[in-house]
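Read the structure below first, then the notes.
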Amino acid sequence: MDGDAAAPVTGRGDTAPGGRSADVRAADQPQPSSRRTSTTVPEAAPATAHRAADRTAAPPRRTAADPVKALLHRHRELCERAVHPLEIAAVLEAQGVTDRTVARFRHRDVFSLAEEMYARVPRDGDTPPPSTPAPPLRARADWALLTLFPGALCAVTVAALHLTHGRTRLIAATVGVLAVTLALRAAVRRGPLAVADRAAAPGAGLWTCWLIGYALLGDGLLTAALTGGPDALPTGAADGPWPLTAAPVLALALSCAPAAWTAHLFTARARRKLAASRALQDFAASARPLLLAAFALYLGALEGLLTLAAAALDEPPAYAPALALGALLFLARLLAAHGFTQAPAVVLTAAATAQATALATVFAARLPGCDLLAIPVETLVTAWGPAAVPTLTCAVAALTLLLPATRKLTSASAHAQERPC
């Protein structure tokens with residue numbers, strides 16, 4: 001009994017030769033399985049960690065994780081060539097990117113987006129951009145001289161008309177008109193008033209010629225038409241049956257040089273403001289007074305030239321139609337020179353069409369039963385004189401162009417590209 005009772009105790013409490021009990025040895029039996037489990041978990045944990053790391057290191061989609069990257073690929077050449085973030089902002093603005101649409105690029109405005117794009121594109125700082133100061137000086141001298149030729153040739157032509165008679169006057173007028181046209185074309189093809197050939201709107205030059213021709217011949221033709229004429233072709237004399245108004249045309253030809261210089265001053269000052277600005281709104285606010293000052297400066301120069309031309313030719317100075325036409329042509333050319341050609345072409349076409357319609361209605365009123373067609377023009381001429389037609393048409397057209405000019409010419413995109421000035 002004692003042996004039987006002691007046997008279990010001794011069996012449970014036996015000590016192994018190494019001094020460990022059977023219970024301890026029994027507890028040690030699962031250890032290999034436990035060790036296998038412990039070795040398996042560390043092997044699975046790194047695999048999970050690696051998979052998580054792979055998902056973290058995977059390149060994010062451009063549209064979600066890095067939306068700016070798509071813009072960088074699209075405008076990489078621009079970003080590499082730009083010397084200021086505002087140049088990039090100007091292009092983005094020209095493409096329709098506004099402060100409202102940059103929210104999807106995780107930026108508060110266009111300029112901050114342009115700054116990131118500018119900073120993320122690597123540049124070679126060891127290679128400075130080539131500097132060639134001499135060509136701009138030569139170009140400036142070229143267009144400065146070319147802008148003097150239209151006025152000089154127009155003055156010579158007017159003098160020839162006053163000194164010649166008969167067929168000689170007709171030849172002098174033909175040669176003079178051709179020479180002034182070619183000189184004017186050469187003057188506006190260089191310098192700050194130049195328009196790229198690919199950007200030129202078709203028909204704008206034709207309507208410009210019509211407006212200038214109306215300033216020379218339109219008032220006399222309208223007056224003669226309302227009195228039953230004209231009975232003869234214009235003779236070139238101010239007191240003829242179809243009188244010419246040469247002073248406004250001479251003043252406009254002479255104003256080609258002030259127009260080019262004021263456009264140059266506006267463009268140069270705007271570029272300085274562009275380089276110093278830190279936001280598109282700041283640049284627009286600082287460029288708007290520059291535009292209005294250049295516009296007023298040109299009109300002041302045109303008024304002075306018109307006074308001198310009228311005094312030299314002994315004609316009454318037609319300030320209203322000449323200033324309205326000058327304002328229209330200056331704004332149209334300034335917009336076209338900065339790449340905005342659609343609005344000037346439409347407005348010039350509308351102004352020329354209105355003048356042609358006014359003349360056509362007077363002649364059409366001579367048809368039986370069409371007397372009513374001439375009533376609007378007759379009423380206008382009776383109240384304000386024949387100069388009211390070009391004054392009204394050109395003034396409305398100039399004001400129509402002034403609105404888009406203050407918006408487009410004060411945007412950074414209008415001055416981002418280098419132009420010969």
Test side chain to side chain contact (heavy atoms under 4.5 Å, CB included) applied to Tyr319 - qualifying residues, sequence neighbours left out: Glu303, Leu306, Thr307, Pro317, Leu323
Are the side chain of Trp242 and the backbone N or O of Leu217 linked by a donor-acceptor pair below 3.5 Å? yes
By side chain to side chain contact (heavy atoms under 4.5 Å, CB included) - contacts of Ala294 (at least two apart): Phe266
Quick check against the 3.5 Å criterion: does Arg333 have a side-chain atom that pairs as donor or acceptor with the backbone of Val188? yes
Just wondering, more than 12 heavy atoms not from Arg366 lying within 6.0 Å of its CZ? yes
Residue list, side chain to side chain contact (heavy atoms under 4.5 Å, CB included) with Leu380, at least two apart or on another chain: Trp384, Ala388, Val389, Leu392
Side-chain donor-acceptor distances from residues 152-161 under 3.5 Å, at least two apart:
residue: Thr157; atom: OG1; partner: Leu153; partner atom: O; Å: 2.8

Specify whether Trp210 and Tyr214 have parallel, tilted or perpendicular ring planes, treating 30° as the upper limit for parallel and 60° as the lower limit for perpendicular. tilted
Partners passing side chain to side chain donor-acceptor pair (under 3.5 Å) against Thr393 (at least two apart in sequence or in another chain): Gln355
In chain order, what residues pass the side chain to side chain contact (heavy atoms under 4.5 Å, CB included) check against Thr181, with sequence neighbours excluded? Val177
Test your reading of the model: is there a side-chain donor-acceptor pair from Thr223 to the backbone of Gly220, 3.5 Å cut-off? no
Is Thr361 reaching over with its side chain to a backbone N or O of Ala358, donor-acceptor style, under 3.5 angstrom? yes
Mark yes when over 12 heavy atoms from residues, nucleotides or ligands other than Phe295 sit less than 6.0 Å from its CZ; otherwise mark no. yes
